[in-house]
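The structure appears right after this line, and notes come after that.
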Amino acid sequence: MTLETKLLGVTLKNPVLMASGTFGFGEEYAGYLDVSRLGGICSKGLTLHPREGNYGPRMWETPAGMLNSVGLQNPGVEHFIRHELPGMRGLGPAIIANLGGGTIEEYVEGARLLNSAGIDILELNISCPNVKEGGANFGLKPAIATQVVSAVRKVFSGPMLVKLSPGAENIVEMAKACRQAGADGLSLINTLLGMAIDVEQRKPVFRNIAAGLSGPAVRPVALRMVYDVVRAVDCPVVGLGGIATWRDAVEFLLAGAAAVQVGTAVFQNPEAPLEIIDGLQRYMERHGFEHISDIRLKK
Amino acid sequence: MPSEMVTVRSNQEVGEDVFEMRLPSSVPAKPGQFYMLRREGSALLLPRAISLCNQEEDTLTFLYKVVGEGTAELSNMKPGDKLRLTGPLGNGWPLEELSGKRVLLVGGGIGIAPLLLAAKALRQQGNPADCCLGFPHQPFYQEAFQPDCGALSIATESGVAGHKGLVTQLFDPADYEIVLCCGPTPMMKAVVALCKAAGTPVWVSLENRMACGVGACLVCTCSDHQGKNRRTCKDGPIFRGEEINFDA
Ligand SMILES: Cc1cc2nc3c(=O)[nH]c(=O)nc-3n(C[C@H](O)[C@H](O)[C@H](O)COP(=O)(O)OP(=O)(O)OC[C@H]3O[C@@H](n4cnc5c(N)ncnc54)[C@H](O)[C@@H]3O)c2cc1C
Ligand SMILES: Cc1cc2nc3c(=O)[nH]c(=O)nc-3n(C[C@H](O)[C@H](O)[C@H](O)COP(=O)(O)O)c2cc1C
Ligand code: FES
């Protein structure tokens, strides 16, 4: 029995990856859980140039979830390659660089730099709901997503995931379009758009009004989308959205995901990803499964 | 590990809606650091950030005010109940900069919590700090401060104890070489303004909504006057008051 698995040709110790934006560059959490046991880490969403992100409140807790409006604050691709990536490498898990952008040119330049940087996988974030002139536009309509994905494909030769937005007009059509434009695999879902109003101040909480919803509240939506996309495309799908326990992870694997990502759950319990890995192992032992790919729905 | 399930040792009301919780821990912390607390099996998503108020041998003491669901849930916990404790987190007070200096501690309401350990550390250095504590109404916990400070003054807005009025009316920052401050944002703003005018360096302990508490998620940022973001949880929670833009 082994948890080891391959994703886009890259060997992972296990199929549990940390979701972009929730785990920094890995080192932030190093003192609070044994980071070396993770399957992989998705970097904070990078852009070609450094960004300070959004002003005003950035977080609001909601029932079984949270809204965030960080706005892609990041040090930029070059800084990442020089200063964060070496430390990330030393942690052990596979390195997935998450890349966003405001224009196609920005995506392409960022991907070009990452092409020779020694990352394991590129995760293209075509859904940045927080950045006004940014990714949200790219992730909604297949025609626009196709432009970004095919342009990046021309300059990035390594394994590439495209991360889909649940705001896409039709998630299955979007998945097919991104696959056709050159994605080696797909990851979904990014945050759903929501909002909150501060009733005492009588004002929307966030300056951008809308913010990204994550956590257990989004899980059934994410699971349904993963289930549908797995059945429509011929490439590996990485499932995420509200996964907090091994049971949640198994649900996504049963729906056909090749791997899962854990995001918001690490905030409530830094050891959640390790508990998920241990639970997955016990589940496989109980069911007599040899490989992750044996975890499938009953016919 | 700095994130573990621990058992509540005691939890009791020490003032109106103010509770004191004792928890075990083996990891030493610095005055001014904080922890994230979440009741086992809580229906709430996120843990709550609470400053370390006191530390004796293997016991941590937290002082907190019930302001919403999360703190209400903590206040209902009984000895033996379990919670997840992550920490110590953040930078702590700049104790190295305080040695031999005339130090003033200014606390407002529940903001007095992180100041107690600073008072104790300074007393141990043989350099006790003066202490001004302000409360809206009934003061609490001032007896814990008494043995560890030089002069202790109290202000209450309602006038039930000490000076009737605001804590900022109790001191002149020009009498001190450094000020440490924690309280509601308007109070910290006022204290920073007074200190600036007097040319006295001031350090503040900030509160901001947090998710990870370790510097990874960037939801807790505050801004400095150059417009640069600082993570309240990791680069703070303690900052030089003059550097922070309270109106960003
Ligand atoms: C570094 C730090 C140290 C703190 N130390 C103490 C302390 O020693 N004693 C104490 O009583 N309180 C302290 N607080 C404030 C405490 O974290 C909040 O009062 C608490 O989170 C409120 O939770 P709630 O569910 O009761 O309130 P709700 O208003 O229902 O909370 C809703 C959401 O907003 C967040 N939130 C609300 N108010 C605050 C706030 N002031 N700061 C941060 N997040 C907030 C909550 O965590 C939660 O996610 C500290 C905060 C920080 C950031
Ligand atoms: C604070 C925060 C920041 C995030 N930043 C990014 C990002 O930079 N790039 C990205 O692709 N997704 C980002 N996400 C989305 C997550 O990677 C994930 O898709 C989403 O939160 C759903 O998973 P979860 O419910 O397990 O968190 C962020 C999420 C949160 C909560
Ligand atoms: S709470 Fe996550 S960076 Fe501060």
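The sequence lines fix the lettering, A, B, ..., with proteins before strands; numbering per chain opens at 1.
The distance from the CZ atom of F267(A) to the CZ atom of R38(B) is 13.5 Å, given to the nearest 0.5 Å. Here M5(B) contributes atom CE and N269(A) contributes atom CG; the two are 8.0 Å apart, rounded to the nearest 0.5 Å.
Residue with the most contacts toward chain B among M59(A), Q268(A), K44(A): Q268(A) (heavy-atom pairs, distance under 4.5 Å). Top candidate by heavy-atom pairs under 4.5 Å with chain B, chosen from M66(A), R58(A), E27(A), is R58(A).
With a 6.0 Å radius and a threshold of 12 heavy atoms from other residues, nucleotides or ligands, E242(B) has its CD atom above the threshold. Around the CD atom of E157(B), the shell of radius 6.0 Å holds more than 12 heavy atoms that belong to other residues, nucleotides or ligands. Surrounding CD of E96(B) are more than 12 heavy atoms belonging to other residues, nucleotides or ligands, all under 6.0 Å away. More than 12 heavy atoms of other residues, nucleotides or ligands sit less than 6.0 Å from atom CZ of R240(B). Within a 6.0 Å sphere centred on CD of E13(B), other residues, nucleotides and ligands contribute more than 12 heavy atoms. Residue R247(A) places its CZ atom among 12 or fewer non-hydrogen atoms of other residues, nucleotides or ligands, all under 6.0 Å distant.
The list of ring-ring contact (aromatic ring centres under 6.0 Å, His included) pairs with a residue in residues 228-248 of chain B, not counting sequence neighbours, is empty. Residue pairs satisfying the ring-ring contact (aromatic ring centres under 6.0 Å, His included) criterion with at least one member in residues 26-82 of chain B, sequence neighbours excluded, are listed as follows: F19(B)-Y64(B), Y35(B)-F62(B).
By the 4.5 Å heavy-atom criterion applied to side chains, E271(A) and R84(B) are counted as neighbours. Annotation: side chain of W60(A) is not in contact with side chain of V219(B) (no heavy-atom distance under 4.5 Å).
Using a 4.5 Å cut-off between heavy atoms, Y55(A) contacts chain B through its side chain alone, with no backbone atom that close.
Proximity to chain A at a heavy-atom threshold of 4.5 Å picks out R209(B), M210(B), A211(B), C212(B), V214(B), G215(B), A216(B), C217(B) from residues 206-217 of chain B, in numerical order.
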Please set out all donor-acceptor pairs under 3.5 angstrom arising from side-chain atoms of residues 43-50 of chain B, sequence neighbours excluded.
| unit_1 | atom_1 | unit_2 | atom_2 | d |
| --- | --- | --- | --- | --- |
| R48(B) | NH1 | E61(A) | OE1 | 2.8 |
| R48(B) | NH1 | L46(B) | O | 2.9 |
| R48(B) | NH2 | E61(A) | OE1 | 3.4 |

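Side-chain atoms of E52(A) come within 3.5 Å of backbone N or O of N229(B) as a donor-acceptor pair.
What you find for Q73(A) and T221(B) is that their closest heavy atoms are OE1-CG2, 3.7 Å.
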